[in-house]
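Here the structure is a predicted model, which means the values were calculated and not measured.
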Amino acid sequence: MEETKKSVAESIDLEAMVVDDKYSGPRLEGGVVTLDFMKELMETYKKQGSLHRRYAFTILLDILKYFSGQPSLVDVPIPSSSKFTVCGDIHGQFYDLMNIFALNGLPAADNPYLFNGDFVDRGSFSVECIFTLFGFKLLFPDSFFMSRGNHESENMNKMYGFEGEVKAKYSSNMCDLFTEVY
């Protein structure tokens, strides 16, 4: 008899993750990613602050739900009359990601982006990169696109540093949830 692996997502208890009054980072009001939240998140990360684990897990659970409802292959509409920014291999380089946004504008419904994988590993700010990208995907699902790269996998994350970074900044449980999201 084969043992069925339990979903990590089902074991997450967000209500048990109390946000202390001393926490000064961005907050998901009503549990929803907004543009103000994203701007505050990026500013927090620029100052090397962190996102509270309750909000980090909320984003992961929301992105898992979103991706689970999508086909594995999607057509990406490219508007003929406006720019469309394509990026690849940011590999945890958060300040490079911020430079991309500074040069090309923040993602928006009328400023589409496609990130071609390898969001994490190697750089020291993979957590910051992936939460920024996932946040924009939740905010602009029809104009912000992400294709998974070979570094968005459990084995690569073990070898190239993302797993260790997530464990140091959050928990091993979150590592398992990232694997489920991939």
Side-chain angles (χ1 to χ4, degrees), residues 2-14 17 26 28 31-33 37-38 41-42 45 50-77 85-98 100-101 107 112-182:
E2 254 185 65
E3 191 176 315
T4 306
K5 190 173 181 181
K6 285 189 171 187
S7 166
V8 177
E10 292 173 12
S11 72
I12 305 298
D13 182 5
L14 293 174
M17 298 178 199
L28 287 173
V32 178
V33 173
F37 171 84
M38 290 305 300
L41 178 65
M42 291 182 294
Y45 284 158
S50 62
L51 179 62
H52 190 278
R53 67 189 187 105
R54 178 180 182 141
Y55 304 129
F57 273 109
T58 299
I59 289 171
L60 283 174
L61 293 171
D62 288 350
I63 204 73
L64 174 62
K65 182 178 178 183
Y66 176 81
F67 284 148
S68 295
Q70 297 298 303
S72 58
L73 180 64
V74 296
D75 287 322
V76 176
T85 305
V86 179
C87 306
D89 297 66
I90 58 171
H91 281 295
Q93 300 295 331
F94 178 73
Y95 296 98
D96 289 351
L97 177 60
M98 293 300 95
I100 290 167
F101 291 159
Y113 276 82
L114 167 63
F115 280 85
N116 274 324
D118 293 357
F119 318 122
V120 300
D121 287 328
R122 298 185 180 147
S124 300
F125 302 101
S126 293
V127 164
E128 292 79 359
C129 286
I130 198 69
F131 281 121
T132 300
L133 296 173
F134 282 168
F136 276 119
K137 180 61 184 169
L138 290 169
L139 186 58
F140 300 113
D142 298 325
S143 60
F144 191 90
F145 303 95
M146 301 171 69
S147 61
R148 193 184 93 182
N150 66 317
H151 281 264
E152 284 71 54
S153 67
E154 185 177 17
N155 287 340
M156 294 297 268
N157 290 171
K158 286 180 188 297
M159 285 192 294
Y160 290 97
F162 184 60
E163 180 182 283
E165 183 183 337
V166 173
K167 285 179 179 178
K169 293 178 180 177
Y170 289 101
S171 67
S172 60
N173 195 29
M174 186 177 282
C175 288
D176 296 338
L177 185 55
F178 270 109
T179 299
E180 198 168 306
V181 169
Y182 297 154

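- Taking the side chain as every heavy atom from C-beta outward, Asp62 and Val32 never approach each other to under 4.5 Å.
- Rounded to the nearest 0.5 Å, atoms CG (Asp13) and CZ (Arg54) are 9.0 Å apart.
- Rounded to the nearest 0.5 Å, atoms OG (Ser72) and CZ (Arg148) are 10.5 Å apart.
- The line from CD1 of Ile59 to CD1 of Ile63 is 9.0 Å long, rounded to the nearest 0.5 Å.
- Distance CZ/Phe115 to CD1/Ile90: 5.5 Å, rounded to 0.5 Å.
- Residues Glu128 and Lys169 meet the side-chain proximity criterion, which asks for heavy atoms closer than 4.5 Å.
- Proximity of the aromatic rings of Phe101 and Tyr113 is defined here by a centroid distance below 6.0 angstrom, and this criterion is met.
- Few gaps surround CD on Gln70; more than 12 heavy atoms of other groups in view lie less than 6.0 Å from it.
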Walk me through it: do Leu139 and Phe144 pass the test side chain to side chain contact (heavy atoms under 4.5 Å, CB included)? CA-CA 8 Å; Leu139 186 58; Phe144 191 90; over 6 Å; no
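- Less than 6.0 angstrom separates the ring centroid of Phe178 from the ring centroid of Phe162.
- Between Thr132 and Met98 there is a side-chain heavy-atom pair separated by less than 4.5 Å.
- In this structure, Glu165 contributes its side chain and Val127 its backbone to a donor-acceptor pair below 3.5 Å.
- Rounded to the nearest 0.5 Å, atoms OG1 (Thr179) and CD (Glu163) are 7.5 Å apart.
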Walk me through it: do Tyr66 and Phe134 pass the test side chain to side chain contact (heavy atoms under 4.5 Å, CB included)? CA-CA 10 Å; Tyr66 176 81; Phe134 282 168; over 6 Å; no
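- The aromatic rings of Phe140 and Phe136 lie parallel to each other, with less than 30° between the two planes, well short of the 60° mark.
- To the nearest 0.5 Å, the span separating CZ on Phe94 from CD1 on Ile130 amounts to 12.5 Å.
- In this structure, Ile12 and Met17 have side chains that are in contact, with non-hydrogen atoms separated by less than 4.5 Å.
- Side-chain atoms of Lys137 come within 3.5 Å of backbone N or O of Pro141 as a donor-acceptor pair.
- Of all heavy-atom pairs spanning Val33 and Gly135, the tightest one is CG1-O, 3.5 Å.
- Listed here is the closest heavy atom pair of Phe131 and Ala56: CE2-O, 3.3 Å.
- For the pairing with Val166, the side-chain contact (heavy atoms from CB on, under 4.5 Å) check across Ser126, Cys175, Ser171 returns one residue only, Cys175.
- At least one side-chain heavy atom of Val120 sits less than 4.5 Å from a side-chain heavy atom of Tyr182.
- Nearest heavy-atom pair, Asn173 versus Ser11, reported as atom, atom and distance to 0.1 Å: OD1-OG, 4.3 Å.
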